[in-house]
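Working notes, structure below.
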Amino acid sequence: MAREGLEVADVLRHFGPAFRDQHGASLSAARRRAMLAIENCRTAALGGHVEQCGECGHRRVSFNSCRNRNCPKCQGLARAQWLRDRQAELLDVPYFHVVFTVPAQIEVIAFQNQTVVYDILFRAASETLRTIAADPKHLGAEIGFLGVLHTWGQNLLHHPHIHFLVPGGGLAPDGQSWIACQPGFFLPVRVLSRMFRGLFLHYLEKAFASGALNFFSAHRHLHEPAAFRRYLAPSWKAEWVIYAKRPFAGPAQVLDYVGRYTHRVAISNNRLVSMDSGKVRFRWKDYRNGNGQKTMALEASEFIRRFLIHVLPDGFHRIRYFGFLGNCHRKQKLARCRELLGMTPAGSKADPPADYRDRLKALTGQSLRECPHCHTGTMLVIDCITRPKICQPVPDTS
């Protein structure tokens with residue numbers, strides 16, 4: 001199928017081989033796989049099929065997707081399915097969007113210790129929300145919420161932060177009532193900030209003491225305990241930024257909004273402007289200067305480097321659930337919440353269709369079977385395009 005506009009895949013296909021030659025030794029397996037997957041996505045390298053309209057005879061070639069979670073083109077169906085699953089879990093209460101960020105000194109440590117520090121970020125932030133919410137001086141309830149890790153800013157630089165979506169209230173300690181937040185107010189941001197800072201730095205120091213942290217290049221000296229303590233000293237005194245946005249208007253707005261955050265990658269194809277003279281230009285929003293729309297030009301190798309910063313380690317879960325939305329007891333506690341709020345019990349979920357085209361139709365209303373030419377006929381598969389066989393090198397066993 002014809003493509004319109006510049007894509008991240010085009011940048012990687014054109015400049016990726018040279019980037020791998022130059023930086024191959026330092027590339028993790030996950031980043032190398034992400035590059036190759038995006039380069040091959042929806043090309044003959046992954047195979048595909050030929051379709052023909054049963055009415056007008058129009059033909060279309062469709063190549064297979066890579067399904068890599070870092071691919072800008074492969075998140076639509078996953079996002080739609082995730083939103084459908086979450087729709088049944090929405091409660092008839094206000095929802096709040098709370099963002100936890102870390103200071104610049106911590107971003108450096110997180111960059112060199114992604115799995116350890118991102119886990120600490122989830123742990124400290126979620127524990128802060130649950131602890132403050134459970135305090136009778138604030139809410140006195142067990143809350144339930146989900147968090148989505150983002151590691152980028154609009155300029156593609158490293159900026160780890162978590163977006164939390166939190167219902168405005170929770171279960172009473174005895175489980176016999178629903179305790180609602182004050183109208184338009186969730187929890188005090190300054191109290192959240194202070195506790196988050198203390199918990200995060202406590203867990204970070206424990207990780208350092210256990211030898212779980214590594215430091216490289218200009219920060220190699222942080223292996224020394226005294227140097228590490230000196231480095232963290234300003235973070236103990238700084239005010240850590242936690243941002244609580246205004247509550248949403250209703251459940252429909254919640255789903256629309258959170259869908260923008262859950263299955264995003266560092267940059268979408270529609271932000272790319274051009275690729276010429278060895279540079280990649282893209283649009284970005286400057287939040288520090290009135291949210292103005294600007295254009296940034298980067299050397300292609302620097303663009304790829306920044307993009308790959310945000311490829312998470314293998315097996316890392318960037319969407320997590322806490323409190324009464326925790327996976328082990330979500331069904332029972334959500335049913336109790338619905339009962340206390342006087343909501344209709346959630347119906348049983350039907351199994352999704354096996355064929356991806358049927359799933360897309362059921363989830364989004366978009367049909368891949370309808371002929372794009374006559375809009376009346378059905379596209380039928382008439383031939384398959386097999387993936388080319390790649391000869392694997394024979395290992396030297398001598």
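Closest heavy-atom contact between Cys374 and Gly377: SG-N, 3.3 Å. Heavy atoms only, all atoms of each residue included: Pro372 and Met379 are closest at CD-SD, 4.0 Å. Pairing each heavy atom of Cys41 with each of Cys66, the nearest pair is SG-N, 3.4 Å. Asn40 approaches Ala45 most closely through the heavy-atom pair OD1-CB, 3.6 Å. Taking both residues in full, the closest heavy atoms of Phe303 and Leu272 are given as CZ-CD2, 3.8 Å, listed atom of the first, atom of the second, then distance. Closest non-hydrogen pair, Leu298 versus Phe282, comes out as CD1-CE2, 3.6 Å.
Taking 4.5 Å as the limit, every side-chain heavy atom of Lys73 sits out of range of all side-chain heavy atoms of Ser65. At a threshold of 4.5 Å between non-hydrogen side-chain atoms, the residues Pro313 and Ser28 do not count as touching. For the pair Phe216 and Ser26, the minimum side-chain heavy-atom distance is 4.5 Å or more. Side chains of Val108 and His158 form no contact here, defined as non-hydrogen atoms less than 4.5 Å apart. At a threshold of 4.5 Å between non-hydrogen side-chain atoms, the residues Phe208 and Leu232 do not count as touching. For the pair His14/Glu39, no side-chain contact is recorded, criterion being any heavy-atom separation below 4.5 Å from C-beta on. Contact check for Phe186 versus Ile143: side-chain heavy atoms found under the 4.5 Å cut-off. A 4.5 Å side-chain heavy-atom check between Leu36 and Arg20 finds at least one atom pair inside the cut-off.
Arg306 places no side-chain N or O within 3.5 Å of a backbone atom of Ala266 that could act as its donor or acceptor partner. Judged by distance alone, the side chain of His163 and the main-chain N or O of His97 form no donor-acceptor pair under 3.5 Å. Not a single donor-acceptor pair under 3.5 Å links the side chain of Arg79 to the backbone N or O of His263. Checked by atom type and distance alone, the side chain of Glu55 never pairs as donor or acceptor with a backbone atom of Thr378 at under 3.5 Å. Under the 3.5 Å distance criterion, the side-chain polar atoms of Asn269 are matched with a main-chain donor or acceptor of Val8. Looking at Tyr231, its side chain does come within 3.5 Å of a backbone N or O of Gln105 through a donor-acceptor pair. A donor-acceptor pair under 3.5 Å is absent between the side-chain atoms of Trp178 and the main chain of Glu339, judged by distance alone. Checking side-chain atoms of Arg197 against main-chain N and O of Trp236 turns up a donor-acceptor pair under 3.5 Å. The backbone N or O of Phe122 sits nowhere less than 3.5 Å from a side-chain atom of Arg320 that would complete a donor-acceptor pair. The backbone N or O of Ala207 lies less than 3.5 Å from a partner atom in the side chain of Ser210, making a donor-acceptor pair.
Just one of Glu107, His159, His150 meets the side chain to side chain contact (heavy atoms under 4.5 Å, CB included) condition when paired with Thr101; it is His159.
Within a 6.0 Å radius of NZ in Lys245, more than 12 heavy atoms belonging to other residues, nucleotides or ligands are found. A 6.0 Å sphere centred on NE2 of His373 holds no more than 12 heavy atoms belonging to other residues, nucleotides or ligands. Counted within 6.0 Å of NZ on Lys279, heavy atoms from surrounding residues, nucleotides or ligands total more than 12; the atom is thus considered enclosed. Other residues, nucleotides and ligands place more than 12 heavy atoms under 6.0 Å from the NE2 atom of His223. Applying the 6.0 Å contact sphere to CD of Glu224 captures no more than 12 heavy atoms from other residues, nucleotides or ligands.
A salt bridge links Arg13 with Asp10: the closest approach of a Lys/Arg side-chain nitrogen to an acidic carboxylate oxygen falls below 4.0 angstrom. Ion pair Arg59/Asp383 not flagged as a salt bridge, since none of the NZ, NE, NH1 or NH2 atoms sits closer than 4.0 Å to an Asp/Glu carboxylate oxygen. Under a 4.0 Å N-O distance rule, the pair Glu302/Arg305 qualifies as a salt bridge. The existence of a salt bridge linking Glu7 and Arg42 is excluded, since no basic side-chain nitrogen approaches an acidic carboxylate oxygen closer than 4.0 Å.
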TODO: Kindly indicate, with the supporting measurements, whether the criterion side-chain contact (heavy atoms from CB on, under 4.5 Å) is fulfilled by Gln81 and Asp85.
DONE: CA-CA 6 Å; Gln81 184 63 61; Asp85 294 340; 3.2 Å; yes

- [ ] Apply the test side-chain contact (heavy atoms from CB on, under 4.5 Å) to residues Trp152 and Ile267: give CA-CA distance (whole Å), side-chain angles for both, the deciding distance (0.1 Å), then the verdict.
- [x] CA-CA 9 Å; Trp152 57 84; Ile267 187 169; over 6 Å; no

TODO: List the steps, then state whether side-chain contact (heavy atoms from CB on, under 4.5 Å) holds for Arg336 with Gln176.
DONE: CA-CA 9 Å; Arg336 182 57 177 160; Gln176 298 304 307; 3.4 Å; yes

- [ ] Please test Glu127 against Tyr203 for side-chain contact (heavy atoms from CB on, under 4.5 Å), starting from the C-alpha separation and ending with a verdict.
- [x] CA-CA 12 Å; Glu127 190 173 327; Tyr203 291 134; 2.7 Å; yes

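Atoms CH2 and OG, on Trp240 and Ser193 in that order, are 8.5 Å from each other to the nearest 0.5 Å. Distance check: Ser301 OG to Phe15 CZ gives 9.0 Å after rounding to the nearest 0.5 Å. Here Cys337 contributes atom SG and Leu171 contributes atom CG; the two are 4.0 Å apart, rounded to the nearest 0.5 Å. Rounded to the nearest 0.5 Å, atoms SG (Cys56) and NE2 (His375) are 9.5 Å apart. For the atom pair CD1 (Ile132) and CZ (Arg194), the distance works out to 12.0 Å, reported to the nearest 0.5 Å. Of the inter-residue distances, the one linking Leu201 atom CG with Ile120 atom CD1 reads 9.5 Å to the nearest 0.5 angstrom.
Aromatic pair Phe19/His23: ring centres closer than 6.0 Å.
Remark: Arg330 qualifies as a cation-pi partner of Tyr321 under the 6.0 Å distance and 45° angle criteria applied to the six-membered ring.
By the criterion of side-chain heavy atoms lying less than 4.5 angstrom apart, applied directly or through intervening Ile, Leu, Val, Met, Phe, Trp or Tyr residues, Leu204 is grouped together with Val116 in one hydrophobic cluster. In the hydrophobic cluster analysis, where Ile, Leu, Val, Met, Phe, Trp and Tyr join through side-chain heavy atoms closer than 4.5 angstrom, Phe164 is grouped together with Leu149. Hydrophobic cluster membership differs between Ile309 and Met35, with clusters built from Ile, Leu, Val, Met, Phe, Trp and Tyr side chains linked at under 4.5 angstrom. The hydrophobic clustering, which links ILVMFWY residues whose side-chain heavy atoms are closer than 4.5 Å, places Leu121 and Val98 together. Residues Ile162 and Phe96 are members of one and the same hydrophobic cluster, defined by side-chain heavy-atom contacts under 4.5 angstrom among Ile, Leu, Val, Met, Phe, Trp and Tyr.
Below 30°, between 30° and 60°, or above 60°: for Phe200 and Phe196 the angle between ring planes is above 60°, a perpendicular geometry.
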